[in-house]
Amino acid sequence: MIQFHNVFLSYQSDAAALNDVSLKVPKGDFVFVTGPSGAGKSTLLKLVYGALSPSRGQVLVDGQNITRLTRTQIPLLRRTIGVVFQDFKLLPNRTVLENVAITLEVLGWSKRDIGKKVYHVLKQMGIEHKINATPLRLSGGEQQRVALARALVNEPKILLADEPTGNLDDENKEQILSIFREANIKGTTVVVATHDRRVIENSHRRVIVLDRGRVAEDTDVPK
Ligand code: ADP
Ligand code: ADP
């Protein structure tokens, strides 16, 4: 589903943020990407969703070479990828319904179908009673579940998460991780960048360790 072939990425003239990275994430996998701050985790995710283009090397996502995608093809690729961040990135002046609906509005769904689908997804996450609230009235754990609802509402092929549990307590971490597991069971390929050792150790999944832009370790832990 995701392939990196000898990928280099430099911001301006700085040292390479990614330095000869090669890896494969097969369809249906659930992997963690870890390593110290500045190791290149966010950069790696940005390459997968087409926010950056490699300085050298190839990035293939769902069989498509992202460097060869045109201006109109990039948004089409992004529709098949859900992304969540440590700071949730919800629209503060919109309701939960509106925040999650955005994904489906872009796809041209009718208002009625959007309402039903959003309610259904929020219910799966146990936050349907917050549908008309605005994000600032929600706890961190609730906000992350809304962000996950937005990312997952159109059943993406890939879910990318950048430090998704960084602002959450243990109970909320566990809830967010169980949503990742459910999405993965339904067929979504999941890539989580985190430096939270406990999250990684408890999950028994493949871990890719980055260090100063290089793959330092890649453990395929049996499930
Ligand atoms: P991580 O997510 O592991 O903390 P990043 O991918 O954010 O690492 O960053 C990798 C390296 O690239 C760091 O040295 C960081 O300072 C640098 N970097 C990240 N984004 C930019 C940017 N927009 N401009 C310049 N340097 C950047
Ligand atoms: P993360 O660890 O998740 O990458 P950061 O706080 O490092 O988060 O980065 C936040 C934003 O700042 C990102 O968009 C990243 O690209 C940008 N950034 C990070 N390092 C640099 C840098 N050295 N110069 C410019 N922008 C940077």
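One-based numbering, in listed order, for ligands and for the atoms of each.
- A salt bridge is defined here as a Lys NZ or Arg NE, NH1 or NH2 lying under 4.0 Å from an Asp or Glu carboxylate O, and K173 with D196 meets this definition.
- Within the listing of ligand 1, atoms 10 (C), 11 (C), 12 (O) sit less than 4.0 angstrom from a heavy atom of A17.
- Across Q3, H5, Q58, a single residue satisfies side chain to side chain donor-acceptor pair (under 3.5 Å) together with N65, and that is Q58.
- Between atom 11 (C) of ligand 1 and the options G213, A39, A16, G38, the minimum heavy-atom separation is to G38.
- With Q73 contributing its side chain and T70 its backbone, the two residues share a donor-acceptor pair below 3.5 Å.
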Checking V31 against R205 for the side chain to side chain contact (heavy atoms under 4.5 Å, CB included) test, could you report, in this order, the C-alpha distance in whole Å, the side-chain angles of both residues, the deciding distance, and whether it holds?
CA-CA 6 Å; V31 305; R205 304 281 180 167; over 6 Å; no

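- When each atom of ligand 1 is checked for a heavy atom of S42 under 4.0 Å away, the hits are 1 (P), 2 (O), 6 (O), 7 (O).
- Ligand 1 lies less than 4.0 angstrom from a heavy atom belonging to G40.
- Annotation for ligand 1: atoms under 4.0 Å from non-hydrogen atoms of P36 are 3 (O).
- For ligand 1, the polar-atom distance check finds no N/O of K46 at less than 3.5 Å from any of the ligand's N/O atoms.
- Atom NZ of K157 has 12 or fewer heavy atoms from other residues, nucleotides or ligands within 6.0 Å.
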